Amino acid sequence: DPHHMPAYRFGAIFLPERDLAAAVALLERGIRENPNEWRMYQDLAYIYWQAGNGKTGEEQAGYYAKAAEWYQKGSEVPGAMWWLRDLAGYMKIAGGSREIAYAIYTNYLNSEDENVRNQAIMRLKQLRSLDDMDIINEALVQYRKATGICPTDLRPLASMLRAKKLNVNDDRLPLDPDGFNYDVDTDTCKAILQGGSTIPRM
């Protein structure tokens, strides 16, 4: 029966570990036969997401892009849950397509659904923090090359970070979009979010 939903969903759970291509084909058939069942899109997107988790680089980005595509399509099905939109944007973040993710979440700020708007605000903060930490990490690399050490906090980078338009407080510490100062992990010499910050981690 091409409209028997439990068969597709059972396949979506157990088939990917054994035969990824067969799992994708099964869900694609389920979507063709049942285009108004948003859960089919969710399951196919999740298959791609999980497949990407075991990969790196361009291969991972490709799987994440597919996951984003199917989450987005599923979010457009009447009656679909609002969080499918968020997952579409999240996959863009995870896959490195920040410009697209910015566009997605900025658009969601105009949603009539409060859940969507709130999630968009949170994800936009996350994107901003990722951009900030890229700048900080670049500055840390330069500092380490010049001095041979990693700083214990980010104050020595204050002037460099201000020049890059980061929000630096009076104590010479750069602040995340929640107002908490970024810390530095001295083991990796990379910027990290403080424990109290509500910004999602990757």
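For this chain, numbers begin at 1 and follow the sequence in order. Quantities reported herein were computed from a predicted structural model and do not represent experimental measurements.
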Smallest separation among heavy atoms of [X] and [Y], with atom names:
X      : Y      : result
Ala191 : Ile136 : CB-CG2, 3.6 Å
His3   : Glu33  : CE1-O, 3.2 Å
Pro16  : Ile47  : CG-CG1, 3.8 Å
Met91  : Tyr71  : CG-CD1, 3.9 Å
Asp178 : Ser197 : OD2-OG, 3.9 Å
Pro200 : Gln126 : O-NE2, 3.4 Å

Review point. Charged N to carboxylate O below 4.0 Å: is that the case for Asp132 and Arg128?
Key: yes

Identify every side-chain donor-acceptor pair in residues 145-155 under 3.5 Å, counting partners at least two apart or on other chains, and give the distances.
from	atom 1	to	atom 2	distance (Å)
Thr147	OG1	Tyr143	O	2.8
Thr147	OG1	Ile149	N	3.2
Thr147	OG1	Ile149	O	3.2
Asp153	OD1	Arg155	N	2.9
Asp153	OD2	Arg155	NH1	2.8
Arg155	NE	Asp171	O	3.2
Arg155	NH2	Asp171	OD2	2.6

Are the side chain of [X] and the backbone of [Y] linked by a donor-acceptor contact shorter than 3.5 Å?
X      : Y      : result
Thr106 : Tyr102 : yes
Arg172 : Asp170 : no
Asn34  : Glu37  : no
Arg117 : Tyr108 : no

Review point. Is the closest side-chain heavy-atom distance between Ile93 and Tyr105 below 4.5 Å?
Key: yes

Point to revise | Partner set under side chain to side chain donor-acceptor pair (under 3.5 Å) for Tyr48, not counting sequence neighbours | key: none

Review point. Phe14 vs Phe10 aromatic rings, parallel, tilted or perpendicular, using cut-offs 30° and 60°?
Key: tilted

**Study point:** Ring centre gap for Tyr90 and Trp83 strictly below 6.0 Å
**Key:** no

Point to revise | Partner residues of Trp82 under the ring pair (Phe, Tyr, Trp, His ring centres under 6.0 Å) criterion, sequence neighbours left out | key: none

Check your understanding: Step by step, would you call Asp134 with Lys164 a salt bridge (Lys or Arg N to Asp or Glu O under 4.0 Å)?
Key -> CA-CA 11 Å; Asp134 282 350; Lys164 293 287 188 177; over 6 Å; no

